[in-house]
Each structure stands twice: as structure tokens, then as C-alpha cells.
Amino acid sequence: DTGSAAAIPVNPNYDIAYVTPVSIGTPPQTLHLDFDTGSSDLWVFSSHLPASQIRGQTIYVPANSSTAKLLADHTWSITYGDGSASRGNVYVDNFTVGGLTVENQAVQCALQVSTSFTRESNIDGLVGLGFSTLNTVVPKSQLTFFDNAKPHMDEPVFTADLKWKSEGTYDFGFIDEKKYTGKITYVPVNTSPGYWTFTSSGYAVGSGNFSATSIVGIADTGTSLVYLPPSILTAYYRQVEGATSSRTYGGYVFPCNSKLPSFTFGIGEARITIPSSYISYAPVTAGSSTCFGGLQSSSSLGINIWGDVALKAAFVVFHGGNPPTIGWAKK
Ligand SMILES: CC[C@H](C)[C@H](NC(=O)[C@H](C)NC(=O)[C@@H](CCSC)NC[C@@H](N)Cc1ccccc1)C(=O)O
């Protein structure tokens with residue numbers, strides 16, 4: 001089997017996150033979920049949520065699905081790096097993404113979501129595509145959609161073709177040669193942290209020379225920005241007129257009309273270049289002439305994150321073989 005579905009920016013002006021339409025249950029209920037390689041819970045806004053926590057999201061109503069079954073006495077509770085959180089109970093139901101169906105997929109129904117989820121009216125939940133060891137369901141942890149679908153897939157892979165301010169694609173079970181140029185460079189993945197953790201071979205700022213240095217980080221489709229060690233940030237923003245690290249805004253900001261260099265990172269011998277337009281991320285507040293950078297420091301996270309700002313500069317293959325690997329290509 002294979003599947004292919006759109007990755008749609010939730011906001012027309014800034015790539016805060018991408019959502020993908022999925023069908024759950026019988027008759028199918030369509031929700032728009034944030035496919036997130038940085039976590040492993042599939043959870044949805046549901047009919048169990050208090051109305052006060054719903055602001056325009058589409059909810060999953062298990063009672064309206066003839067194939068929904070409660071997973072009795074199972075609960076979940078998750079927290080994310082940005083401090084957001086959610087928790088609830090668990091059903092299993094039919095789950096379809098772009099024509100690829102998994103029966104008896106664990107669908108975690110929210111009974112409580114934190115305010116940042118309530119505020120994001122275009123995200124109806126998350127589909128965790130990390131390793132199932134990260135799943136928070138107790139007493140028995142559940143498998144991700146990818147782990148459930150893998151045995152039925154033509155190939156045990158999914159690919160991310162995210163795009164700057166436009167609609168991209170997630171493909172499941174096949175690699176679409178039309179979506180990239182040149183060759184795909186695969187590097188090993190360390191699965192023990194539960195994320196798609198890999199080592200980049202170094203970086204370059206603009207047209208400067210390449211600095212060969214190992215950068216261990218995670219490929220996280222559910223994180224908007226790129227978070228890297230402070231020394232790399234200093235090297236980058238030193239080249240940006242008026243750039244400062246702002247305590248007020250919690251990161252590097254600069255005048256929106258400043259000229260920004262591109263940023264290149266290494267995947268083995270290969271090089272992926274993030275255009276400067278991706279790094280001038282957004283005004284700090286609507287209409288401001290001060291912009292927030294798409295590259296920020298990872299020092300407060302304790303982990304480097306290659307989020308959407310980097311992923312949308314490439315075609316990325318999440319290969320779930322034995323052992324798993326991650327592949328990067330230009331496009
Ligand atoms: C503070 C929580 C720490 C980071 C840790 N949680 C995690 O690692 C979870 C699974 N993953 C995440 O918090 C991050 C990876 C960060 S590593 C510090 N990825 C998922 C996140 N972008 C999902 C999201 C999407 C939209 C809106 C908000 C959040 C834990 O539970 O211990």
C-alpha cells in the first residue's frame with residue numbers, strides 16, 4: 001500500500017505549522033492534524049473536551065463512529081518542548097491518510113488541552129511519527145500510524161516535502177523521484193531518544209567556507225524553527241545588520257529590512273542550503289519592523305532541532321528499515 005496527502009500551512013503568512021487531512025471512523029470524520037516526527041502520540045480534539053477549550057477546531061466524536069472501540073482503562077498525558085500539553089483517554093478506530101488505511105489505530109482523545117492548542121484553531125490534533133517508544137499511553141503504550149502501516153506498505157518509508165508558504169506533501173510507502181533533484185544522502189539514526197536523531201556534518205553561513213563539525217539533532221516536522229548551538233548562532237547573526245538576542249522576544253531578532261545570509265548544513269558530503277527568505281521568519285508582532293529569526297539557540301532545550309525552516313529546504317526520507325535511516329535531497 002501507499003498513501004499521499006497534503007501538508008498545508010496553518011497560516012497564510014508564516015509557516016507556523018502544517019496540517020494534513022485525515023479520515024477517522026465510520027462514516028469517516030475528517031480532521032486536519034499536525035504530522036509530528038518529534039513525538040509519538042496520535043491525539044485529537046474530541047467530544048470529551050470542555051467547550052471552553054475548543055475554538056474552531058474540528059472534533060472527533062467516537063460515539064458517531066460504528067468502528068470506534070474504547071480502549072478501557074487506558075489514558076495518556078503528553079508535554080512538549082514549548083510547554084504545551086494535552087491528556088485524555090484512548091479509542092481504536094479506522095484511520096486513513098491519503099488513501100492508506102490502518103484499522104484499529106489508537107486514536108487518543110483529548111479531555112484537556114493547554115491554551116496554546118486551544119488558540120491554534122487550525123490544528124485539530126497531532127499524528128506522532130517518532131518512534132513508538134515515546135508514546136505516552138498507559139498501562140500499554142500504543143503504536144504510531146507509521147508502525148501500524150509499515151507491514152502493509154510497499155516500502156517502510158514516509159517522506160516530507162514541506163514548502164515555504166505553500167502546500168507540500170507527505171508520502172507513505174514510496175519515494176517519489178519527481179519530488180527531488182540529484183541523489184538522496186542517507187545517514188544513520190539513533191533511535192534510543194525516540195526521535196529521528198542524526199548527526200549533521202557541519203555548516204556554512206552564506207557564501208562562507210564550510211565548518212566541518214558534528215551536530216547531533218532531531219528532524220522535527222512539528223517544530224517551526226531551527227534550534228542550534230549558540231556558537232553557530234553567533235557566527236550567523238554576526239553577519240546580520242542590527243541583529244540582537246532579545247530577552248523580550250526570547251531569541252534573535254533583527255530589522256526586517258536587514259540583508260540575511262543563507263545557511264547551509266551538511267549531510268555527510270551533501271549540502272542543504274536554507275534560503276535567507278526562510279530565516280526572516282516573521283515580524284515579532286503584527287506590523288512590526290522587527291523580525292524574529294528562523295535560526296535560534298538550542299541552549300535552553302538541551303537538544304538541537306531541525307524544524308520546518310530546515311526541512312522545507314529539502315526532500316526528507318524517513319526510512320523505517322532495520323536500522324532506520326534518514327535521507328536528505330535537494331529539490
Ligand atoms: C518538555 C517536554 C519534553 C521536551 C519531552 N517531550 C517531548 O520530547 C515531545 C514528545 N516532543 C517535543 O516536545 C518536540 C521535540 C522537542 S525536544 C525538546 N517535538 C514535538 C513538538 N514540536 C510537537 C508540537 C507541535 C505543535 C505544537 C506544540 C508541540 C518530554 O515529554 O519529556
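What you see is a predicted model; the values in this text were computed from it and never measured. Both counts, for ligands and for their atoms, begin at 1 and track the order of listing.
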Test: Asp171 and Lys179 ion pair at under 4.0 Å: yes
Matching residue for Tyr180 among Thr159, Ile175, Asp161 - test: side chain to side chain contact (heavy atoms under 4.5 Å, CB included): Ile175
Sequence neighbours excluded, every pair satisfying disulfide bond (SG atoms under 2.5 Å apart) that has a member inside residues 1-97: none
Sequence neighbours excluded - ring-ring contact (aromatic ring centres under 6.0 Å, His included) pairs with any residue from residues 8-29: none
Per-pair distances, ligand 1 N/O vs protein N/O, less than 3.5 Å:
unit_1, atom_1, unit_2, atom_2, d
ligand 1, 6 (N), Thr79, O, 2.9
ligand 1, 8 (O), Tyr195, OH, 2.4
ligand 1, 11 (N), Gly38, O, 2.9
ligand 1, 13 (O), Gly81, N, 2.6
ligand 1, 19 (N), Gly38, O, 3.2
ligand 1, 19 (N), Asp220, OD2, 2.7
ligand 1, 22 (N), Asp220, OD2, 3.4
ligand 1, 22 (N), Gly222, O, 2.8
ligand 1, 22 (N), Thr223, OG1, 3.0
ligand 1, 31 (O), Thr79, O, 3.4
ligand 1, 31 (O), Thr79, OG1, 3.4

Ring-face cation of Lys312 near Tyr278 (centre distance under 6.0 Å, axis angle within 45°): yes
Expected list for residues 270-277: side-chain donor-acceptor pairs under 3.5 angstrom, two or more places apart:
unit_1, atom_1, unit_2, atom_2, d
Arg271, NH1, Gly268, O, 3.0
Arg271, NH1, Glu269, O, 3.3
Thr273, OG1, Thr264, OG1, 2.8

